[in-house]
Protein chains: 2
Amino acid sequence: MAEYHYQRVYRELKQRILQGDYEVGSALPSENELSLNYGLTRVTVRQALATLEREGYIEKQHGRGNFVKAPRESLNLLSVRGFSEVLGETNHAVRTRILSPPAHVPWPDPFFYELPAAHLAKPCLNLQRLRFADENPVMLESAWLPDTGLSRLRQEPFVDGSFFKSLRRWYGIEITGMEQHLRAVAADAPTAKALQMRKGNPVLFITRQYTTSQPGLVIYGTIYCDTTHYAIGS
Amino acid sequence: MAEYHYQRVYRELKQRILQGDYEVGSALPSENELSLNYGLTRVTVRQALATLEREGYIEKQHGRGNFVKAPRESLNLLSVRGFSEVLGETNHAVRTRILSPPAHVPWPDPFFYELPAAHLAKPCLNLQRLRFADENPVMLESAWLPDTGLSRLRQEPFVDGSFFKSLRRWYGIEITGMEQHLRAVAADAPTAKALQMRKGNPVLFITRQYTTSQPGLVIYGTIYCDTTHYAIGS
DNA sequence: TGGCCCAGCTTGTATATACAAGTTGGATCG
DNA sequence: CGATCCAACTTGTATATACAAGCTGGGCCA
């Protein structure tokens, strides 16, 4: 689990950007300077910078430099990263309430994705959580996954309160990919109640399918999102 | 405007994937084979593959290979790419109706983004289009931009019907970045009418801000999207 | 003054190479 | 037979280097 050079450069630059050591709009040290300072080649430094650009921390400008971008105000949850990771970098106070702790339930039928037969043969692990930003309920999140022997999920609280982090720490399972579909729908009664809104009000409905490093383990998720006060950015 | 090597590899691989020469789920030739075939180094080939991965055409698997992913069914419009580009790769029949051709209007007040004073000094160019998939209206798209001397936009039909392509062809203006915010809202009367739905029904509302290669030119856009029959993927 | 050009900076593309890390299937050994 | 190991493949990280392409500011010239 040793950190690669480019990951270290990425982490340190990102930290300094978030701390404000590099001001918004200003240029980072040039790639040549960075490679000299870190004792790495420019190619390696550029790998770190490419990641920072993908994640929206900097903007690369050919012939000019790499510039620090303004931080996002909205909740960026369209990336693969989880809820806690994303909001940890914003100024919003975050809280999670577990509505249904991980437990076995029958596989929902109909399901919003086509289920491989191999999944139906295993018990279905389900959980439901409500996410708050600044004490307002904003996201109602559910997950379903085939229980391939993940008993600790039902027995212990999550590592740092993070579902994905627990999977990684306890079972070495990494998220390798994600697909999602977005819809605007009218809130049904239970959703409206959880999000403290009126039934029928428009909510953003996201269905997701995560692929993992464990063959055969696919995680399905849905999110109902109240976008009245917090838009979703990307 | 010569094509770079990695762009050629990207274009050719993408074409063969879309044509079905490489089947879904199968592995591409290994990076070593590709570099031999193209007479390029592995580093260059990997640049093309990284782009294909970002755009969701392939999935890289360490130690195994690069695998063709299944094409998306939904409309993927969360990327920077324009409407026509995105839907051109799906199986949906696409049509565009221009509701308001490009013309000068007063800057809307209030505007959904904070407007720099420099923009208000220039006339505001506005256009509105309705997008159809399979003959169903699915997106109501508007754009606002400061007219920095872009008179051909008001005088000629777009190149290939594409707004962005016209900007590139006529003025050499490239899109360098995009930020967007998503909300679920209730359709107001004109929106509902255009999308042939009932007023108050939930629609996906996207606000966008494009940055361009021309300093001072920022393009603002909104999209109302009926997700009843076509989800938005990413 | 005003316009042009160019040196010197920046990032972008590309080569050639080496080794690390993950996967797989077959050979080997108990 | 079954488990283990390993060679040969895959992709990932990293070095060192070169030149192309884009940008900027200062100096030169008309």
Side-chain angles (χ1 to χ4, degrees), chain A residues 1-13 22 25-54 57-69 168 172-177 211-216, chain B residues 1-13 22 25-54 57-69 168 172-177 211-216:
Chain A
M1 183 64 187
E3 198 182 34
Y4 289 114
H5 292 159
Y6 80 91
Q7 288 172 330
R8 175 177 155 227
V9 177
Y10 159 79
R11 187 174 45 73
E12 293 190 8
L13 288 178
Y22 297 128
S26 70
L28 294 185
S30 80
E31 298 178 357
N32 278 318
E33 287 180 67
L34 287 173
S35 27
L36 280 176
N37 293 343
Y38 280 100
L40 302 168
T41 58
R42 215 182 115 215
V43 180
T44 304
V45 169
R46 280 174 63 79
Q47 218 174 138
L49 293 171
T51 311
L52 288 171
E53 187 195 22
R54 263 204 313 280
Y57 293 102
I58 64 167
E59 181 181 352
K60 295 179 94 20
Q61 288 188 31
H62 190 177
R64 302 226 312 135
N66 299 305
F67 296 86
V68 179
K69 287 223 293 186
R168 182 162 59 239
I173 295 173
E174 302 276 353
I175 303 298
T176 57
T211 53
T212 68
S213 56
Q214 181 178 103
Chain B
M1 181 65 188
E3 198 181 33
Y4 289 114
H5 292 159
Y6 80 92
Q7 288 173 331
R8 175 177 156 227
V9 177
Y10 160 78
R11 188 174 44 75
E12 293 190 12
L13 287 178
Y22 297 127
S26 70
L28 294 185
S30 79
E31 298 177 357
N32 278 317
E33 285 180 68
L34 287 173
S35 27
L36 280 176
N37 292 343
Y38 279 102
L40 302 168
T41 58
R42 214 183 118 215
V43 180
T44 304
V45 169
R46 279 174 64 79
Q47 216 172 140
L49 293 170
T51 310
L52 288 171
E53 188 195 23
R54 262 203 314 280
Y57 292 103
I58 64 168
E59 181 183 350
K60 295 179 102 357
Q61 288 187 32
H62 190 177
R64 301 224 314 134
N66 300 305
F67 296 85
V68 179
K69 288 224 293 186
R168 183 162 57 240
I173 295 173
E174 303 276 353
I175 302 298
T176 56
T211 52
T212 68
S213 56
Q214 181 178 103

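Here is how names work: the chains are called A, B, and so on, in the same order as the sequence lines, proteins then strands, and each is numbered from 1. Nothing here was measured: the structure is a model prediction, and the numbers come from that model.
For A/Glu59, the salt bridge (charged side-chain N to carboxylate O under 4.0 Å, His left out) test picks out no residue, with sequence neighbours left out. Residues passing the salt bridge (charged side-chain N to carboxylate O under 4.0 Å, His left out) test with A/Lys69: none are found, sequence neighbours excluded. Every residue two or more places apart in sequence or in another chain that forms a side-chain contact (heavy atoms from CB on, under 4.5 Å) with A/Thr212 is listed here: A/Ile173, A/Ile175, A/Gln214, A/Leu217, A/Ile219. Shown here are the side chain to side chain donor-acceptor pair (under 3.5 Å) partners of A/Glu12, two or more places apart in sequence or in another chain: A/Arg8, A/Tyr38. With sequence neighbours left out, the side chain to side chain donor-acceptor pair (under 3.5 Å) criterion links A/Thr176 to A/Thr211. Every residue two or more places apart in sequence or in another chain was checked for a side chain to side chain donor-acceptor pair (under 3.5 Å) with B/Glu33, and none qualifies. The side-chain contact (heavy atoms from CB on, under 4.5 Å) test applied to B/Gln47 returns B/Tyr6, not counting sequence neighbours.
The CG atom of B/Asn66 sits 8.0 Å away from the CG atom of B/Leu34 when rounded to the nearest 0.5 Å.
Place B/His5 and A/Ser213 on DNA chain C by their nearest nucleotides, and B/His5 ends up nearer the 5' end. Between B/Tyr4 and A/Tyr6, the residue whose closest nucleotide on DNA chain D is further toward the 5' end is A/Tyr6. Between A/Gly63 and A/Gly39, it is A/Gly39 whose nearest contact on DNA chain D lies nearer the 5' terminus.
Between the CG atom of A/Leu34 and the P atom of C/dT10 there is a distance of 11 Å, rounded to whole Å. Rounded to an integer number of Å, the gap from NE2 of A/His62 to C1' of C/dT11 is 5 Å. Distance B/Arg64 CZ to C/dG22 P: 15 Å, rounded to the nearest Å.
Near DNA chain D, meaning a heavy atom under 4.0 Å away, the residues from residues 42-54 of chain B are B/Arg42, B/Arg46.
For DNA chain D, the outermost nucleotides in 5' to 3' order that have an atom under 4.0 Å from a heavy atom of chain A are D/dT13 to D/dT24.
Across all strands, A/Ser30 comes closer than 4.0 Å only to sugar-phosphate atoms, never to a base (heavy-atom distances).
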